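First comes the structure, then the notes that go with it.
Excluded from the calculations below are hydrogen atoms, water molecules and symmetry mates; all remaining heavy atoms, backbone and side chain alike, are included. Quick note on labels: first sequence line is chain A, next is B, and so on, each numbered from 1. Keep in mind that what you see is a predicted model, and the values were worked out from it rather than measured.
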Amino acid sequence: MPITETQEKDPLENSDAPMVRIENVSRRFSIDGGKTSVMALKNVSNQIGRGEVVVIIGPSGSGKSTLLRTLNGLEGIDEGNIVIDGVDICSKTTCMNTLRTEVGMVFQHFNLFENKTCLENIVLPQTVVLKRQRQEAEEVARKLLERVGIPDRENNYPRQLSGGQQQRVAIARALAMKPKMMLFDEATSALDPETVSGVLDLMKQLAREGMTMAVVTHEMGFAREVADRVIFMDQGEVVEEGEPDAFFDSPRSDRAQRFLEQII
Amino acid sequence: MEWFIDKWQVIDSLSPFLMKGLWLTFKVSMVSIILGSILGSVLGIVKTLKWSIPRALVGGYVHLFRGTPYLVQIYIIYFVLPSLDVTWLKFDSYTAAIVSLSLYTASYVTAIVESAIRAVPRGQEEAARSCGMSKAQALYHIILPQAFKLTVPPMASIYVIVIKSTAVLSVIGISELTRQGETAILRMPGDTMFIYLLIAILYFVYCYPMLKFAGWAESKVKANGGNAVL
């Protein structure tokens with residue numbers, strides 16, 4: 001059974017255009033109270049096609065999470081341009097709140113609303129943001145909870161669930177907005193080992209259903225199996241990218257070689 | 001035995017008088033607590049927003065009122081401000097009491113609300129915004145309900161301080177509990193010690209439930225694990 005329902009196609013939409021276009025994006029973080037700064041992203045350009053699954057890997061501090069967070073505007077950018085499904089997200093006239101409903105985000109630490117039950121976590125954004133009727137929102141939420149494999153926990157609070165279960169709810173919450181694409185920011189890094197595979201399976205299923213995905217992860221097995229393309233980042237730059245098998249078997253750059261040696 | 005009869009007579013003759021004072025203490029403190037909490041909550045929220053000028057103004061106000069004794073504040077508001085010859089700054093003693101005590105309360109509430117909002121993990125707001133909620137929607141549905149729970153224990157201890165601070169209002173002629181007691185002492189100078197004891201007991205009876213409540217609320221918040229799960 002599919003997790004997502006197929007979206008109705010807008011006839012005016014140019015389906016050849018990429019879902020995401022990242023053009024010369026730079027992001028500077030000030031540290032030491034503004035005295036010095038580091039470049040978290042240096043002139044990054046890339047594209048993500050419709051239905052494409054892109055896995056971003058790299059050492060910590062390489063800017064991969066920053067890049068992911070710029071795609072739904074959680075992180076601003078200092079230079080460059082990001083266009084998502086034809087919408088320039090840097091333009092002042094773009095409504096970021098609408099954009100964010102179209103770009104689902106899953107966090108490392110789940111970030112479920114602690115003051116709401118699982119069901120409410122999924123219902124609230126639908127009623128508040130999409131203005132759905134409560135009954136409809138609950139139906140959507142129950143269906144999603146069933147599809148992510150925890151139909152019996154709807155009245156539990158997040159703290160009563162295991163990490164893996166919380167992450168499933170978080171994925172369901174993002175899917176309830178019917179996003180055009182999903183961002184996963186180290187979605188399995190904070191999980192107990194035995195719950196990782198369940199969440200990864202869910203992500204694989206989403207990928208099979210044609211969801212456009214950008215995934216920051218340390219799960220190299222997942223990257224190899226699911227990714228259409230692997231992007232390797234280091235020190236705020238895209239160092240190398242390519243098909244997963246080619247990248248993992250014979251990385252071209254020294255930095256990627258060193259990185260892969262260290263983690264395997 | 002004779003001592004008890006003697007003291008009972010003191011209590012008997014003073015109790016309507018002291019009760020009147022306690023009632024006024026109750027009214028002034030409650031009005032100030034309510035007004036101060038509303039003002040402080042709004043200012044506390046303002047302090048967490050990105051508007052730099054209002055934030056600086058609120059910060060200045062908080063420092064000013066928390067960094068000076070309440071006695072000095074009430075002197076300035078009741079005796080100094082009227083000399084500026086601005087009509088709406090000429091308070092009668094009751095208004096001066098409410099205004100000063102509310103501002104005093106609000107300065108503490110502002111700080112409490114601000115730190116409670118900041119104590120809610122950042123991920124909560126990021127998650128809310130990622131679902132497409134506006135800043136205001138995220139505050140209303142997600143952040144404030146969680147922050148509110150954290151404010152309850154410190155709020156209760158501030159309320160106790162505010163109740164006790166009403167004793168200072170005797171200097172501007174508000175006939176609250178302490179003032180009533182002092183008047184009673186003028187009538188019965190032989191029982192000074194005993195009357196002060198009565199006053200202390202009455203304050204305690206008013207404050208103790210609040211302290212108990214603070215302790216209970218604190219244990220409740222702790223039992224729920226606050227909300228920091230990270």
**Asked** Where does A:Phe107 contact chain B at under 4.5 Å (heavy atoms): side chain, backbone, both or neither?
**Response** side chain
**Request:** Kindly check if the number of other-residue, nucleotide or ligand heavy atoms within 6.0 Å of OH (B:Tyr94) is above 12?
**Result:** yes
**Fill in**
Applying a strict 4.5 Å limit to non-hydrogen atoms, the region of A:Val106 in contact with chain B is neither
**Residues of residues 71-82 of chain A with any heavy atom under 4.5 Å of a heavy atom in chain B** = A:Asn72, A:Leu74
**Side-chain heavy atoms of B:Glu126 within contact of A:Met105, under 4.5 Å** = no
**Asked** When you look at CD1 of B:Ile53, are more than 12 heavy atoms from neighbouring residues, nucleotides or ligands closer to it than 6.0 Å?
**Response** no
**Message:** With heavy-atom distances below 4.5 Å as the criterion, would you say the side chains of B:Met133 and A:Leu124 are in contact?
**Reply:** yes
**Item:** For chain B, the option from A:Leu112, A:Asn115, A:Val129 that forms the most heavy-atom pairs under 4.5 Å
**Value:** A:Asn115
**Asked** Checking B:Gln124 against chain A: side chain, backbone, both or neither under 4.5 Å from a heavy atom?
**Response** both
**Prompt:** Nearest 0.5 Å, what's the CG-OG distance between A:Asn97 and B:Ser130?
**Reply:** 10.5 Å
Taking distance alone, no hydrogens or angles, what donor-acceptor pairs closer than 3.5 Å link side-chain atoms of residues 103-117 of chain B to residues at least two apart or in another chain?
{"unit_1": "B:Thr105", "atom_1": "OG1", "unit_2": "B:Leu101", "atom_2": "O", "d": "2.6"}
{"unit_1": "B:Ser107", "atom_1": "OG", "unit_2": "B:Tyr104", "atom_2": "O", "d": "2.6"}
{"unit_1": "B:Thr110", "atom_1": "OG1", "unit_2": "B:Ala106", "atom_2": "O", "d": "2.6"}
{"unit_1": "B:Glu114", "atom_1": "OE1", "unit_2": "B:Lys47", "atom_2": "NZ", "d": "3.1"}
{"unit_1": "B:Glu114", "atom_1": "OE2", "unit_2": "B:Arg118", "atom_2": "NE", "d": "3.1"}
{"unit_1": "B:Glu114", "atom_1": "OE2", "unit_2": "B:Arg118", "atom_2": "NH2", "d": "3.2"}
{"unit_1": "B:Ser115", "atom_1": "OG", "unit_2": "B:Ala111", "atom_2": "O", "d": "3.2"}
{"unit_1": "B:Ser115", "atom_1": "OG", "unit_2": "B:Ile112", "atom_2": "O", "d": "3.1"}

**Item:** Whether over 12 other heavy atoms sit under 6.0 Å from A:Glu194 CD
**Value:** yes
**Request:** Sort out for me which of A:Lys116, A:Gln126, A:Arg100 touches chain B most, counting heavy-atom pairs under 4.5 Å.
**Result:** A:Arg100
**Asked** If you count the non-hydrogen atoms of other residues, nucleotides and ligands that lie under 6.0 Å from OH in B:Tyr208, is the total more than 12?
**Response** no
**Request:** Against chain B, label A:Leu99 side chain, backbone, both or neither, depending on which of its atoms sit under 4.5 Å from a heavy atom there.
**Result:** neither
